[in-house]
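Worth saying up front: this structure is predicted, and the values here are computed from it rather than measured.
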Amino acid sequence: MAGMRRPWRRGLAVLSVTALAVLGVSPQAVAADEPPTIVVTDGVTQPVFGYGDAIRERLFVESTFDSDKDGLRDIIAFDVMRPKATQDGLKVPVVMDASPYYTTLCRGNDSECKVDVDGDGLLDKWPLWYDNYFVPRGYAVILLDMVGTGFSTGCPTTNAKEDNISAKQAINWLNGRATARNAAGEIVKADWHNGKTGMIGKSYDGSLAMATAVTGVKGLTTIVPIGGPTEYYDYVRSNGVVTRGNSYVSYLANVVTNPERRAHCAPVRDAIGAADGDEHGDYTSFWNERSYVKKVPNQTASVLLYHGINDDNVRADHMSKYWYALAENDVPRKLWISQEGHVDPFDSRREVWVNTLHRWFDFWLQGISNGIMDEPRLDIERAADVWETHADWPIPGMAQTEVFLQPGTTGAGGLKLVPTAKPVTSGFQDHRTQSQTTMINNPDVVQPNRLAFLSEPLTAPLHISGTPTMQIRASADQTDTNFGVILVDYGRDERVAHRASGEGIITLDTKDCWGLGNEHDPGCYRQTVKRVATADSELVTKGIMDAQNRISLRQSVPLVPGESYNFTWPLLPEDYVFKAGHRIGVILVASYPQYSSQADTTLANITVNLKSSKIVLPVVGGTAAAHAAGL
């Protein structure tokens, strides 16, 4: 291969094409004159193939890009485990987890890294449970090192093109469109592959699955993204506000790079930092390259999507924007929404998740008719370990419902389904260090740096499902300010403690096992339970914007001091039930330091026209349900 840096010159062990870790024998008994096959019972594949005798390989494919600009195409490395029966004619699909983390931050709640115990160049410890569970059931598992990480060459680019198409290189090889070699330089063919691949992964890994899917690459049949960024602008920005500044994108590229390569990759990180636009927060072509939502029309792979609705790392708008795009393009899909933060479903609803994923892959990759696509599209956690199913999300019957801000007399203003009869204004001053707790607490007390609006106690439950929107008419005495809004449930209740340590789960010392294993990789993982807490209020959702981006995210336009403008911005999506007797709160602020790393510094005085200001809630049942709840 022209221009390929041969890995064997980097001191890796020389391996044969079919290098094996023979630590056990396949339990499948097949007559010598019959080709091996999967076994299906009750609609799912059974563990009839061995784990100890599975074939293990490390392979290298030359990419189509040169991320570190050294004149050589990058080499993408990946580890393969497949049943021994694939040597005897068994055709199997692939479950792939492409990741930048296998040799740095590692994977899963148990922080598992790739480990080669005996130095033979093959993995003895495979992170996560997919190999233990799926290989015995007739699947191959691939753990791929994203460009610039693990055993791949090049440099990470934080969800730019090179990151985004790293996994595509392996899928092309699986389908005969690229050449892979082992460490000895021998060409290796995937003649055991059935032509179907599914990708899975949490966080960055999930984003790589979506990035690969939206290329439309042939052979990628399904993806399972777990809490992954879909719009990288939304990971470090929000409506013009820089939420993660100081060149966070280049910082993350450094984190995932192996320490010995960080100096080599410094120029790539410097170029990222120079182009990210921290100084203004506007949307540029830099972010367009890192957008998957816009590219969903290219996607053919089905999606099983999982997200914690209270994820404050990869916020829920990544889930909602991608989900809306999937619906618009009629992509086959299912969605799980949990009450936790940035938590894997394996650590939230383990047994049900494993069974669901098993059936999902069996349907899409093995072609087994098991009815999974006839079931409700949505699984949602309503309270700790209390799950519901619905036909879709947002929940059918939802209608955007206008709730108007009302003036107060001595304390908080009100919330009604009709606007106040007479024009009236209310004002507050920006406070760059006001805490989120101060914003929310004591809503009946007038404070100079926020406006609070409260409903009467609800006479019936009120269910919102989807993306709320804040719409205000306001002026400021400065050329710039930020706006923030918080939707609050004021009412004592026990809820998932997603802001506490563990983001809603407690990790126990006990373990359970999933699939087969060996002495180095038993497939056993620490169990978890939900962490709950009782409190008098709950931050339901929130949203922010830069007032200078009121017209477009691509261009900042200064305010004229004293002139009124219409400002509209979304809150993070939610699916929440306000209980009868609770009160709905809407808190308006300017700077919101716990949502933004760059608080506004203008200290603007802001005046809000209440008659023209409202929050639009996605109410299940619409205005009729809001009336019934007493709004």
Side-chain angles (χ1 to χ4, degrees), residues 203 206-207 210 225-235 237-239 241 243 291-294 296 303-328 333-343 345 377-382 388 390-403 462-471 484-489 495-496 498-499 503-504 538-545 553 568-578 584 586-587 592 595 614-622:
S203 197
S207 73
M210 292 180 284
I226 300 168
T230 63
E231 289 279 338
Y232 219 79
Y233 178 88
D234 292 329
Y235 187 65
R237 309 279 189 267
S238 187
N239 303 304
V241 179
T243 56
S291 166
Y292 310 142
V293 173
K294 295 179 179 65
V296 166
V303 182
L304 174 57
L305 183 62
Y306 182 97
H307 213 102
I309 198 70
N310 294 304
D311 191 337
D312 224 14
N313 178 2
V314 182
R315 294 180 287 268
D317 53 345
H318 291 274
M319 171 273 292
S320 62
K321 292 179 180 180
Y322 185 60
W323 181 256
Y324 298 152
L326 293 174
E328 289 172 4
R333 63 200 180 278
K334 280 186 176 292
L335 174 64
W336 276 32
I337 298 175
S338 80
Q339 286 293 318
E340 288 75 54
H342 201 54
V343 173
R377 189 168 278 159
L378 173 68
D379 274 44
I380 186 167
E381 186 178 25
R382 185 61 58 209
E388 303 170 353
H390 294 274
D392 207 344
W393 191 86
I395 290 174
M398 179 277 286
Q400 297 294 345
T401 305
E402 297 178 334
V403 180
L462 187 74
H463 184 181
I464 63 171
S465 179
T467 303
T469 303
M470 194 69 210
Q471 300 178 14
V485 61
I486 312 172
L487 184 65
V488 185
D489 178 3
R495 304 174 177 92
V496 173
H498 53 84
R499 291 186 178 85
E503 300 191 55
E538 170 76 353
L539 190 164
V540 177
T541 184
K542 58 191 179 181
I544 55 175
M545 77 170 299
L553 289 179
T568 300
W569 70 99
L571 286 72
L572 296 174
E574 249 302 341
D575 199 293
Y576 191 89
V577 177
F578 294 89
I584 299 173
V586 174
I587 309 296
Y592 193 163
Y595 198 168
K614 59 195 174 187
I615 188 168
V616 183
L617 297 177
V619 176
V620 178

Trainee: Would you indicate whether the side-chain heavy atoms of V296 and L326 approach each other to under 4.5 Å?
Mentor: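 Side chain of L326 against side chain of V296, heavy atoms only: contact under 4.5 Å found.
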
Trainee: Are any non-hydrogen side-chain atoms of M470 and M545 less than 4.5 angstrom apart?
Mentor: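 Side chain of M470 against side chain of M545, heavy atoms only: no contact under 4.5 Å found.
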
Trainee: Taking the side chain as every heavy atom from C-beta outward, state whether E340 and E503 have any atom pair closer than 4.5 Å.
Mentor: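 E340 does not reach E503 side chain to side chain.
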
Trainee: Checking side-chain polar atoms at under 3.5 Å, does T243 have a donor or acceptor matched by the opposite partner on Y595?
Mentor: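 Y595 and T243 do not have a side-chain donor-acceptor pair below 3.5 Å.
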
Trainee: Report yes if some heavy atom in the side chain of N313 is under 4.5 Å from a heavy atom in the side chain of Y235; otherwise report no.
Mentor: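 When only atoms from C-beta onward are counted, Y235 and N313 do touch, with a gap below 4.5 Å.
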
Trainee: Are S465 and W393 linked by a side-chain donor-acceptor pair shorter than 3.5 Å?
Mentor: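 Side chains of S465 and W393: pair found under 3.5 Å.
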
Trainee: Ignoring hydrogens, what is the shortest heavy-atom contact between H307 and V314? Give both atom names and the distance.
Mentor: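 Looks like NE2-O, 2.7 Å.
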
Trainee: Can you name the closest pair of heavy atoms from Y592 and I544 and give their distance?
Mentor: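 Scanning both residues, the minimum pair turns out to be CD1-CG2, 3.7 Å.
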
Trainee: Within the 4.5 Å heavy-atom criterion, are V586 and I486 side-chain neighbours or not?
Mentor: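 V586 vs I486: side chains apart.
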
Trainee: With rounding to the nearest 0.5 Å, note down the distance linking NZ in K614 to OG1 in T401.
Mentor: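 If I round to the nearest 0.5 Å, the distance is 11.5 Å.
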
Trainee: Passes side chain to side chain contact (heavy atoms under 4.5 Å, CB included), L378 versus I337? Steps please.
Mentor: CA-CA 8 Å; L378 173 68; I337 298 175; 4.1 Å; yes

Trainee: Looking only at heavy atoms, what is the nearest atom pair of I584 and F578, with distance?
Mentor: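 For I584 and F578, the tightest heavy-atom pair comes out as CG1-CD2, 3.7 Å.
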
Trainee: Measure the shortest side-chain to side-chain distance between S203 and I226 over non-hydrogen atoms and say whether it is less than 4.5 angstrom.
Mentor: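 No, every pair of side-chain atoms sits at 4.5 Å or beyond.
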
Trainee: For T230 and H318, indicate whether the former's side chain and the latter's backbone hold a donor-acceptor pair under 3.5 Å.
Mentor: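 Here the side-chain-to-backbone pair exists.
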
Trainee: Does the side chain of Q471 pick up a donor-acceptor pair with the side chain of T568 at under 3.5 Å?
Mentor: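 No, T568 and Q471 have no side-chain donor paired with an acceptor closer than 3.5 Å.
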
Trainee: Measure the CG-CG distance between L335 and L305 for me, rounded to the nearest 0.5 Å.
Mentor: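 So the CG of L335 and the CG of L305 are separated by 5.5 Å.
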
Trainee: How close do M210 and P225 get, counting heavy atoms only, and between which atoms?
Mentor: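 So the minimum-distance heavy-atom pair works out to CG-CG, 3.6 Å.
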
Trainee: Listed by chain and number, what are the side-chain contact (heavy atoms from CB on, under 4.5 Å) partners of P618, not counting sequence neighbours?
Mentor: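 P618 satisfies side-chain contact (heavy atoms from CB on, under 4.5 Å) with M398, Q400, I464, P468 once adjacent residues are dropped.
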
Trainee: Using the side chain to side chain contact (heavy atoms under 4.5 Å, CB included) rule, take L462 and V577 through it: C-alpha gap first, then chi angles, then the decisive distance, then the call.
Mentor: CA-CA 6 Å; L462 187 74; V577 177; over 6 Å; no

Trainee: Could you name each residue pair satisfying salt bridge (Lys or Arg N to Asp or Glu O under 4.0 Å) that touches residues 304-320, not counting sequence neighbours?
Mentor: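 Checked against salt bridge (Lys or Arg N to Asp or Glu O under 4.0 Å) - neighbours excluded - the pairs reaching residues 304-320 are D312-K542.
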
Trainee: What heavy-atom pair brings V620 and P396 nearest, and what distance separates the two atoms?
Mentor: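 Closest heavy-atom pair between V620 and P396: CG1-O, 4.2 Å.
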
Trainee: Would you say that D392 contacts H390 through its side chain, given a criterion of any heavy-atom pair below 4.5 Å between the two side chains?
Mentor: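 No, their side chains stay 4.5 Å or more apart.
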
Trainee: Flag the pair L487 / L539 as yes when at least one side-chain heavy-atom distance between them is below 4.5 Å, and no otherwise.
Mentor: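 Of all side-chain heavy-atom pairs linking L539 with L487, none is under 4.5 Å.
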
Trainee: Nearest 0.5 Å, what's the OG1-CG distance between T469 and L617?
Mentor: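 Output value for this atom pair is 9.0 Å.
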
Trainee: Starting from the C-alpha separation in whole Å, work towards a yes-or-no answer on side chain to side chain donor-acceptor pair (under 3.5 Å) for Y306 and S338.
Mentor: CA-CA 8 Å; Y306 182 97; S338 80; 3.1 Å; yes

Trainee: OG of S320 to CD1 of I309: how many Å apart, nearest 0.5 Å?
Mentor: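 Interatomic distance, S320 OG to I309 CD1, rounded to 0.5 Å: 7.5 Å.
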
Trainee: So, H463 side chain and I395 main chain: donor-acceptor pair closer than 3.5 Å or not?
Mentor: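 No, because the side chain of H463 does not come within donor-acceptor range (under 3.5 Å) of the backbone of I395.
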
Trainee: Taking R382 first and then D575, would you say they form a salt bridge - that is, a charged N and a carboxylate O separated by under 4.0 Å?
Mentor: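 Looking at D575 together with R382, the answer is yes, because their closest N to O distance falls below 4.0 Å.
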
Trainee: Take V496 and N310, measure what side chain to side chain contact (heavy atoms under 4.5 Å, CB included) needs, and give me the verdict at the end.
Mentor: CA-CA 10 Å; V496 173; N310 294 304; 5.8 Å; no

Trainee: Keeping the roles fixed (side chain from D379, backbone from W336), state whether a donor-acceptor pair exists under 3.5 Å.
Mentor: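 Answer holds: no.
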
Trainee: When rounded to the nearest 0.5 angstrom, what distance separates CD in E231 from OG in S207?
Mentor: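 One gets 12.0 Å once the value is rounded to the nearest 0.5 Å.
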
Trainee: Are Y322 and Y324 close enough that their ring centres sit under 6.0 Å apart?
Mentor: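 No - the distance between ring centres of Y322 and Y324 does not fall below the 6.0 Å cut-off.
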
Trainee: Quick check for you: to the nearest 0.5 Å, what is the distance between D489 atom CG and T541 atom OG1?
Mentor: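 Interatomic distance, D489 CG to T541 OG1, rounded to 0.5 Å: 13.0 Å.
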
